[in-house]
Protein chains: 2
Amino acid sequence: MSDTGIKRRATVHDVARTAGVSLATVDRVLNDRPGVRAATAEKVEAAIAEIGFRRDISASLLARARDLALTFIIPDGTNEFMASLTDAVTRRAGQALSDRMNIETLRVRALDADALAQSLDGLDPRECDCAIIVASEEPSVVAAVDNATRRGIMVMTLVSDLPGSLRRRFIGIDNVAAGRTAASLLGRFMPMGGKLAVIAGSLHLRDHADRLKGFQAGLTAEFPQLELIGPVEGHDERPQTEAIVTDLLRRHPDLGGLYNLGAGNAGLVRALEGSGRSGQIRVIAHELTEPTRKGLHSGAIDVVLDQNPDGEIREAIEAARTLALDANGTAITDPIEIGIFLRDNLR
Amino acid sequence: MSDTGIKRRATVHDVARTAGVSLATVDRVLNDRPGVRAATAEKVEAAIAEIGFRRDISASLLARARDLALTFIIPDGTNEFMASLTDAVTRRAGQALSDRMNIETLRVRALDADALAQSLDGLDPRECDCAIIVASEEPSVVAAVDNATRRGIMVMTLVSDLPGSLRRRFIGIDNVAAGRTAASLLGRFMPMGGKLAVIAGSLHLRDHADRLKGFQAGLTAEFPQLELIGPVEGHDERPQTEAIVTDLLRRHPDLGGLYNLGAGNAGLVRALEGSGRSGQIRVIAHELTEPTRKGLHSGAIDVVLDQNPDGEIREAIEAARTLALDANGTAITDPIEIGIFLRDNLR
DNA sequence: GCTGCCATGAGGTACGTGCCTCATGACGTA
DNA sequence: TACGTCATGAGGCACGTACCTCATGGCAGC
């Protein structure tokens, strides 16, 4: 087979010729501008489908003569996971620049719905094409998301979703599945049965509640021989979690497993190592951060379930880029996987 | 703070002005064209660093007036993992098109080094900017890679690396770590000790050998109470693997664990289910494919270690795109993580 | 002072799309 | 008939980079 012809991608000119309309009309259809009869628009759509035209993102961004502006709004505070999310954004921002994307990060007070809503309301559609937020489930946030959407700012949710709002996409893991996974591992780690304690941050947090739900369901279905203690709430704080774990260890000398589905892992590790029983109890925690890494290395923690902040940021950026130019876009984005880390496959 | 000015990215014009040279000279430096004194080039580089200029990929690709051409060369045959790699390429090819990338897939006979070398030799630099190959470690392949590189075709390796060649990047997992991870999980699954069998495809394959190395090291270091049987070679084929597992089960009624670090998993599952002992033995296999998914669901397999073909393809494409425009590029690409899948976190 | 080579400048066109203005023709209504 | 509205066409400039041609000035060797 001799391939003589040089392959050329279809352009707007080809669409115009095929549809038998002018370039201006094609442009109006492509960019949802008014002044096109429905029948004409259909002709154009048909031509697009026929010749397989795909808008050239490079040229499109170039012609817009400005960058795609993304704004990440991330909870502030001492939460290490949020810090690593922010780090990931910063890291990506650099290389995103040469892809005509300008990324800004805003941090708002954690768990302060009104602060989040205000930040959203304060975004200028001329300076922000897409906002990516770690949502908390409050009416004021839903209203702010919907309002932003109406002003022309696309909103996506990260880590924690906001169903019922006009958010365009959710990027995060399935927390029920994460809880089930923890149950499945701990069950296999304790084939002889025994006692198993659960610690949560706060059951008012949607992701924590989901994890607990999955965990309990998994245990009941697969490992009924295990005796469940808790959940106890540690409010995601180091000292409180440390106290709780210390107390659990004291009261249950035969404790075989521990699942911390919230944060406060520095306290968890301290309590375990302080007890002298580190390594004898199978422990699962969440999020690959400094304390959990240390725990994995020392053997205090067996497994860490992780939602891969870097991957989430990558997906968010990619989704925003695609959606921004193709409103009814069918962007292929990878589902965020639940990462499972042992000491042996630490990245 | 009133932010009056509109942020504008630095362009080649800015570089020219800052360096005190003409646009043409900047262009020569940027694109490695001759006709620039070393001293002048340095001035330009300095200006680039000073104003933080980053070449605009969009405009660059546009101006080149042709797509980036990538060619994936993937082993042919019945190997399901290679099939899913190919699927991933096909899926990405579509959306890559609107990013000015034209992706082709070539399939060559598996384990046939000369066929791979010939394919590489046959690539035309005008029609292929970058080849991504699943390398086998043979001198003829190394020669072909180096030759392609000299002709101006960038080569990257996928899944299996080719150290000592001029390949620009390797994209794949750390197989030693994968083996260690398997040992770590199986060890925790069998706290009372017991017998543990290992099946490989062929120890002449580098990745298999690496996995075995990691597995043995992990067991020795952490779980010396486990008795290791094997490795037995199943040559990655279904019937052979089935026979081996059936035989192992028959000869070791007290077998507690099984690690298949190669392919042939359909045979593994059949043998387990045929024996009636499925679910009583802790089993770890590799690659999330149809047979291993079935095994996870039925409970025949406990854990699947996966190298995430889709992610690998994504990284390959991204790396190619970045490297193609920035030869000494410092592309941030994500390391390929070892995915750990249980029934409960199947994607 | 001539020739020839080299480094550099000046300026253009092109890539595919976005977005603007202006013209034109069709149609409906007062 | 006159006017307004609307769909559409025609054409052009802009975005930032690639790549081309041609001109110019310097410098070495003769």
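From a predicted model like this one, the values you see are computed outputs, not experimental measurements.
Over its full length, the helix from C:dG1-D:dC30 to C:dA30-D:dT1 turns its helical axis through 40°, comparing axes from the five pairs at each end and rounding to 10°.
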Output one line per pair: protein atom, nucleotide atom from nucleotides 27-29 of chain D, and distance, for all N/O pairs under 3.5 Å.
none

Identify all pairs in which a protein N or O lies below 3.5 Å from an N or O of nucleotides 7-14 of chain D, and state each distance.
{"unit_1": "D:dA7", "atom_1": "O3'", "unit_2": "A:R37", "atom_2": "NE", "d": "3.3"}
{"unit_1": "D:dT8", "atom_1": "OP1", "unit_2": "A:R37", "atom_2": "NH2", "d": "3.2"}
{"unit_1": "D:dT8", "atom_1": "OP1", "unit_2": "A:T40", "atom_2": "OG1", "d": "2.0"}
{"unit_1": "D:dT8", "atom_1": "OP2", "unit_2": "A:R37", "atom_2": "N", "d": "2.7"}
{"unit_1": "D:dT8", "atom_1": "OP2", "unit_2": "A:T40", "atom_2": "OG1", "d": "3.4"}
{"unit_1": "D:dG9", "atom_1": "OP1", "unit_2": "A:S22", "atom_2": "N", "d": "3.1"}
{"unit_1": "D:dG9", "atom_1": "OP2", "unit_2": "A:S22", "atom_2": "N", "d": "2.7"}
{"unit_1": "D:dG9", "atom_1": "OP2", "unit_2": "A:S22", "atom_2": "OG", "d": "2.7"}
{"unit_1": "D:dG9", "atom_1": "OP2", "unit_2": "A:T25", "atom_2": "OG1", "d": "2.4"}
{"unit_1": "D:dG9", "atom_1": "O5'", "unit_2": "A:S22", "atom_2": "OG", "d": "3.4"}
{"unit_1": "D:dG9", "atom_1": "O6", "unit_2": "A:R28", "atom_2": "NH2", "d": "3.3"}

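Along DNA chain C, the nucleotide nearest to A:R33 and the one nearest to A:L62 differ in position, and the one closer to the 5' end is contacted by A:L62.
Summarising the geometry, the separation between CG on A:D27 and P on C:dT21 is reported as 14 Å, rounded to the nearest angstrom. Residue B:R17 contributes atom CZ, which lies 13 Å from atom P of C:dA10 at whole-angstrom precision.
For C:dG18, the OP1/OP2 oxygens have a side-chain nitrogen or oxygen of A:S60 closer than 4.0 Å. Regarding contacts with the backbone of D:dA18, a side-chain N or O of B:R55 is found under 4.0 angstrom from either OP1 or OP2.
Side-chain contact between A:I313 and A:L158 is present, with at least one heavy-atom pair separated by less than 4.5 Å. Two residues are said to be in side-chain contact when any heavy atoms from C-beta on lie closer than 4.5 Å; B:M82 and B:L85 meet this criterion.
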Which atom pairs, one a donor and one an acceptor, fall under 3.5 Å between side chains of residues 38-47 of chain B and the rest of the protein, sequence neighbours left out?
none

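With sequence neighbours left out, the side chain to side chain contact (heavy atoms under 4.5 Å, CB included) criterion links A:A113 to A:S136, A:E138, A:S140, A:V141.
If you check D:dA18, C:dG18, D:dT17 against the side chain of A:R64, the one that comes closest is C:dG18.
Across every non-hydrogen atom of B:L68 and B:R321, the tightest pair is CD1-CA, 3.7 Å.
Counting only residues at least two apart or in different chains, salt bridge (Lys or Arg N to Asp or Glu O under 4.0 Å) contacts with residues 139-163 of chain B comprise B:D161-B:R167.
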